[in-house]
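Structure first, commentary second.
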Amino acid sequence: MALANLTSAPEFLLLGLMDGTDVHPLLFLLFLGIYLLNALGNLIMVVVVRSDRALRSPMYYFLGHLSLVDACFTTVTVPRLLAGLLYPGQAVSFQGCFAQMYFFVALGITESYLLAAMSYDRAVAVCWPLHYTAVMTPWRCTALVSASWAVSHLHSLLHTLLISALSYPRSASVSHFFCDMTVMLSLATSDTSAAEAAIFSEGLAVVLTPLFLVSLSYARILVAVLGVRSAGGRRRAFSTCGAHLVVVSLFFGSVLSVYFRPSSAYSARYNRLASVVYAVVTPTLNPFIYSLRNKEVKGALKRGLRCRAASQEI
């Protein structure tokens, strides 16, 4: 059926973030600013983590990969969103639609597993500080990141193949600003029950695993912090964990509310708004919450700027 779809070359019409055919220049400027801020913040983090020797700990290793994923994650969808705000009703080919779906799902799942790895790293640092270097070895950190990328791409490949194998009309309107799984399932003209069952069962395991690991790590951190006698130490730990938990809650909460609802409860407007949260807002907040408020990162940025200024004077 996938080969038949490619032969008949269905075309999809992306309706964009807003309903109707009106141009939205103010929203375009808003999302363009958010996208540029996202790219600047995340790419700076990637460069700083890779270039500064002081940022060689596992935490910054994970942050560097998270920033790279966030920059790519928004690039998959936001440019199409921006085009739709100025030129509503963008046409996208069958191949282009499912290529976008593949990378969007793969990068989103990679982010969720990297968040779980970061939570595990913080749990080890808080609960077993004397054994931190023995537990978070370079090999283990590399294995966690590699597993995050591998699992996410296999998961995305399975879902993309299942959904692309369905039948679609020659031309169909997509009530979204990108080719999302739930939208494509709603557009299919063939029976989707088998695909939905496979996607829900496998997807539930893949998505809930990092969420469970994050919850387990922070439960252990909470127990350890409550055992600290210093009120100042508890406040510092809770403020750091609180910022992380806000982003984790936004990301996982919006993902679960979109992808783990029955198709009968599908709402185009709700899905678009929830998608903006985890596909645009959360990746933009990540470098600022996790990194740019960090003293070590600020020190690395200052050293980089001084070195750049010195090289220009020479």
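All values below come from the heavy atoms of this structure, side chains included, with hydrogens, waters and symmetry mates left out.
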When rounded to the nearest 0.5 angstrom, what is the spacing between [atom1] in [X] and [atom2] in [Y]?
X	Y	atom1	atom2	result
Glu202	Leu162	CD	CG	8.5 Å
Leu43	Met45	CG	CE	11.0 Å
Glu111	Thr282	CD	OG1	7.5 Å
Leu81	Phe28	CG	CZ	10.0 Å
Asp191	Glu196	CG	CD	8.5 Å
Thr74	Asn42	OG1	CG	7.0 Å

If hydrophobic clusters are built from ILVMFWY residues whose side chains come within less than 4.5 Å, do [X] and [Y] share one?
X	Y	result
Val151	Phe212	no
Leu40	Val48	yes
Leu211	Leu216	no
Leu273	Leu27	no
Leu63	Val47	no

Minimum-distance pair of heavy atoms, taken over all atoms of [X] and [Y]:
X	Y	answer
Val78	Phe31	CG1-O, 4.4 Å
Ala224	Val126	CB-CG1, 4.1 Å
Ser119	Ser217	O-CB, 3.5 Å
Pro283	Phe73	CG-CD2, 3.8 Å
Leu187	Ser173	CD2-O, 3.5 Å
Gln100	Val76	NE2-O, 3.0 Å

Partners meeting side chain to side chain contact (heavy atoms under 4.5 Å, CB included) with [X] (sequence neighbours left out):
X	answer
Ser201	none
Val124	Tyr120, Trp128, Tyr132, Val135, Met136
Thr209	Tyr113, Leu213
Thr142	Tyr61, Ser146

Using side chain to side chain donor-acceptor pair (under 3.5 Å) as the criterion, list what pairs up with [X], not counting sequence neighbours.
X	answer
His153	Tyr102
Ser156	none
Tyr35	Thr75
Thr160	none

Audit row: Leu107, Trp149, side chain to side chain contact (heavy atoms under 4.5 Å, CB included) steps and yes/no: CA-CA 8 Å; Leu107 292 168; Trp149 284 97; 4.1 Å; yes
Given side chains that start at C-beta, do those of [X] and [Y] come closer than 4.5 Å, heavy atoms only?
X	Y	value
Ser171	Leu13	no
Phe178	Leu14	no
Val276	Phe177	yes
Ile34	Leu30	yes
Thr77	Phe103	no
Leu185	Leu166	yes

Check the angle between the aromatic planes of Phe104 and Tyr278 and answer parallel, tilted or perpendicular using the 30° and 60° thresholds. tilted
Those residues at least two apart in sequence (or on a different chain) that pass disulfide bond (SG atoms under 2.5 Å apart) with Cys97 are Cys179
Connected hydrophobic set around Leu68, excluding itself, where side chains approach under 4.5 Å: Val46
Pairs of donor and acceptor atoms involving the side chains of residues 83-94, under 3.5 Å and at least two apart or interchain, shall be tabulated with distances.
| residue | atom | partner | partner atom | Å |
| --- | --- | --- | --- | --- |
| Gln90 | NE2 | Tyr87 | O | 2.8 |
| Ser93 | OG | Gly96 | N | 3.1 |

Going by disulfide (SG to SG under 2.5 Å), name the pairs with one or both residues in residues 121-160, residues two or more places apart or in two chains. none
Main-chain N/O of Leu161 paired with Ser164 side-chain donor or acceptor, under 3.5 Å: yes
Are any side-chain N or O atoms of Thr189 and backbone N or O atoms of Ser167, one a donor and one an acceptor, separated by less than 3.5 Å? yes
